[in-house]
Amino acid sequence: MAYTPHKPPNPETSEELRARIPGWGADLDPANRPAVPKEVYEPHPYGAVWEIPESQPEKWPRERSIEHASVTPVFGTSCPPRGASGLIRKLAYRRYSEGRAAHWLLLIAADRVDTVGSTARSFVSKHPDNPLIETGILAEVSHHGLRSRRHQKRADLIHQSLDPLIVAGPWVVAGLLGYRTVRRLGRSLRKVSRSRGAGRSPRAW
Amino acid sequence: MRAMVYRGPYRIRVEDKPRPVIEHPNDAIVRVTRAAICGSDLHLYHGMMPDTRVGMTFGHEFIGVVDEVGPSVRTVQAGDRVMVPFNIFCGTCFFCARGLYANCHNVNPNATAVGGIYGYSHTCGGYDGGQAEYVRVPLADVGPSSIPDWMDDEDAVLLTDAVATGYFGAQLGDIAEGDVVVVFGAGPVGLSAAASAWLMGAGRVIVIDHLEYRLAKARSFAHAETYNFAEYADVVVLMKELTDRIGADVAIDAVGAEADGNLLQHITSAKLKLQGGSPIALNWAIDSVRKGGTVSVMGAYGPMFSAVKFGDAMNKGLTLRMNQCPVKRQWPRLFEHVRNGYLKPRDLVTHRIPLEHIAEGYHIFSAKLDGCIKPLVVTDAA
Ligand SMILES: NC(=O)c1ccc[n+]([C@@H]2O[C@H](COP(=O)([O-])OP(=O)(O)OC[C@H]3O[C@@H](n4cnc5c(N)ncnc54)[C@H](O)[C@@H]3O)[C@@H](O)[C@H]2O)c1
Ligand SMILES: [Zn+2]
Ligand SMILES: [Zn+2]
C-alpha cells in the first residue's frame, strides 16, 4: 500500500517470470543495455573517415533554420519550394527561428496552400487527382470497414467521421476559387467588349 | 521508377518519378525490397507535420539491395543486402560523437531540433523515403548495415525502426527488477516496448489501448496484462487501483500526437492543428506513474506546443526521458535477442501490400481496419 513503507508483491516472482517468458532479465544488468548511458564519447564510429562530411552541392539556395550557422553538408532535395507556398516557406525560414510559433504556423499554412494549388493544377495535367483512389477509401469495402468497427469499443470512431471534411476541404476551396476566377474573367471580358463596342452597339447591360 | 507520393492530407498516390541519383560523394542508391508504414507516417499522412510538401515520397523503415555507390563510399558496395536505420547521421558531429545518432547536426538544414529522417517532411531534412523502388541513402559509410545471413527480411525491416524504438523506449524507462511497467499504445512500438520490458527484468507489464485486436496481440506477443481504456471511466484511477494506489514505476508513451480518449485534445491537435500533438497518452502516463517514477516518451509530437500536464510531473518528481531512437546503436544487442528468439519482430506483420496499392494500405493502417498492426510495402512485386 502506498500508505505504508512496503511495495506490494507482483502477481509473479522473478523465478516464475524467468520460467514463463523467454529472455526475461537478459538485460537486467544496465551494462547490457545499448542505450545506457545516454552519452558515450566515441568519435568516428562505423565507416566515417571525416571529421565533417564533404559538402553536397546546392542546386538552389537551400532554405535553412536560422539557428544553423549555414546549410548543413548533407541535405534532402525532395521538393524545392515553388509557387505561393514556396514564398511562404522561404519567409518562415528566413524570418523566424524554430523557437517561434510563427515559423511553424507559416509552414502549416504553406502546406495547405500547396495542397489546394497542387490539387487545382492537377486538373490541367495528365494526372488529375482522384480522391477515390488517393484516399484508399475503397479498402473500406475490401478490408471489412464495417466489421472492423461494429460492436467495438473504439474511441476513434467519434472523430473518424470528420476525416472526409479534411479531405474534401481543398476540393471545395479549389472549386470556389475556380468559380470566382471564371466569373471575374467573364466579367472583365464583358467589360472589355463593352468598352470596345461602345457607340457601335445600342444594347445596354 | 514507381514511388509513393503525398498529395495532401489523407491523400497519396503512386507516380512515375525519376530514379534518385548520387548527389553527394558518400551517397548510395538502394533498390528497396521491403518497406513498412510506420505510426509516424500517419502524422504526415494526416497533415500534422509542418513543411510536408506535396510530391514527397514517405518511408523511413526499409531494407534493400545497394544498386550504386558514390566515389567515396568504402563500406558497402553494389549488390549488398542492407538494412538502413531510419536516422540519417554523419557519425562525427558533436552529437553523433556522443552516440546521439538521432540528433545529428550535419544532415538537416531545415531544423536544429530534429535530425535527418528519410521521407519525413522537410522539417526532418527534405529527403525522399523508401516507399518507392529506389531511394537515395546519404552517408552510406555510416548508416546502412549488411543484413546478417541468418536474419529474415521481415525481421530486418522492423529492426530499422519499430522494434528498435520499442526496445529503446524500455531502456529509457530505467527498469529495475520487479518494476511495474505500463505501456500506453499497442502499436508496433508499444508492443515491442512491452516485450522488451521483460528483458530488463520488469515484474509486471501492463498495456493500455482501445483496440481489442491489438490488446490480444499484447497478450500473445508481449505476455502482457491488458486493459481497454474505452471500457473505463478513468484510466488513471484504474492504474492506481491496479497498483495499490502507488502507481506504476515506469510509464511508456507509445502513442504520440494523435492519441484518442479526449475529443477536445484530439480535435485541437489532430484536426485543427492548434497543438503540436494531443498529449492524452502522455498526460495519462504522467498521472499513472508513481511519484519519483520515470516516463519514457516514444510517441512523436509536432514542433508546436502541446498541453502537457507539466505541474503534475514536477510535483511528482518524475524523470521524463525521450528521444528519437538512435537505431544503429541498438542493433548488436538487438540482433542477439532476435537470434535467441526473445523478440520476434516479424510476428507483428499483418499486411503485405504491393506498392501500387499503398493508398489502401495507408487507409487500412490509419483507420485501423482488418486487424492491421504492421503493414509492409512490397516494392518488387513486378
Ligand atoms: N521515438 C521514435 O524514434 C519513434 C519511432 C517510431 C515511431 N514513433 C512514434 O511512436 C508512436 C507509435 O507508433 P506505432 O507505429 O506503434 O503507431 P500505431 O498508430 O500503430 O499505434 C498507436 C496505438 O496507440 C493507440 N492509442 C491511441 N490513443 C491512445 C491512448 N490515449 N492511450 C493508449 N493507446 C492509445 C492506438 O489505438 C494505436 O494502437 C507514434 O507516435 C510514432 O510517431 C517514435
Ligand atoms: Zn517510424
Ligand atoms: Zn552527426
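Contact annotation for B:H266: only side-chain heavy atoms (C-beta onward) come within less than 4.5 Å of a heavy atom of chain A. In this structure, the portion of B:I267 lying under 4.5 Å from any heavy atom of chain A is its side chain and not its backbone. Only the side chain of B:L263 comes within contact range of chain A, with heavy atoms under 4.5 Å apart. Heavy atoms of B:L211 lying under 4.5 Å from chain A belong exclusively to its side chain. With a 4.5 Å cut-off on non-hydrogen atoms, B:T112 touches chain A through its backbone and its side chain both. Looking at B:Y45, the atoms closer than 4.5 Å to chain A (heavy atoms on both sides) all sit in the side chain, from C-beta outward. Residue B:N340 does not touch chain A at all, counting heavy-atom pairs closer than 4.5 Å. With a 4.5 angstrom heavy-atom cutoff, B:K328 touches chain A via backbone and side-chain atoms both. Contact of B:D179 with chain A is made through backbone and side chain together, with heavy-atom distances under 4.5 Å. Interface residue B:D128: backbone and side-chain heavy atoms are both found under 4.5 Å from chain A. Both the backbone and the side chain of B:K368 come within contact range of chain A, with heavy atoms under 4.5 Å apart. Contact of B:Y118 with chain A is not made at all, since no heavy-atom distance falls under 4.5 Å. For B:Y10, the parts lying under 4.5 angstrom from a heavy atom of chain A are both the backbone and the side chain.
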Check your understanding: Should B:R13 and A:D129 be marked as a salt bridge (Lys or Arg N to Asp or Glu O under 4.0 Å) after you check the CA-CA gap, both sets of side-chain angles, and the distance that decides it?
Key -> CA-CA 9 Å; B:R13 70 186 185 194; A:D129 277 306; 3.2 Å; yes
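Note on ring orientation: taking the six-membered ring where Trp is involved, the planes of A:Y46 and B:Y101 are perpendicular (angle over 60°, cut-offs 30° and 60°).
Of the charged side-chain nitrogens involved, at least one lies within less than 4.0 Å of a carboxylate oxygen, so that A:R82 and A:D114 count as a salt-bridged pair. Between A:K90 and A:E63 there is no salt bridge, since no side-chain nitrogen of the basic residue lies less than 4.0 Å from a carboxylate oxygen of the acidic one.
In this structure, B:R98 satisfies the cation-pi test against B:F94, with its NZ or CZ atom closer than 6.0 Å to the six-membered ring centre and inside 45 degrees of the ring normal.
Annotation for A:R95: atom CZ does not count as buried by contact number, only 12 or fewer foreign heavy atoms lying within 6.0 Å.
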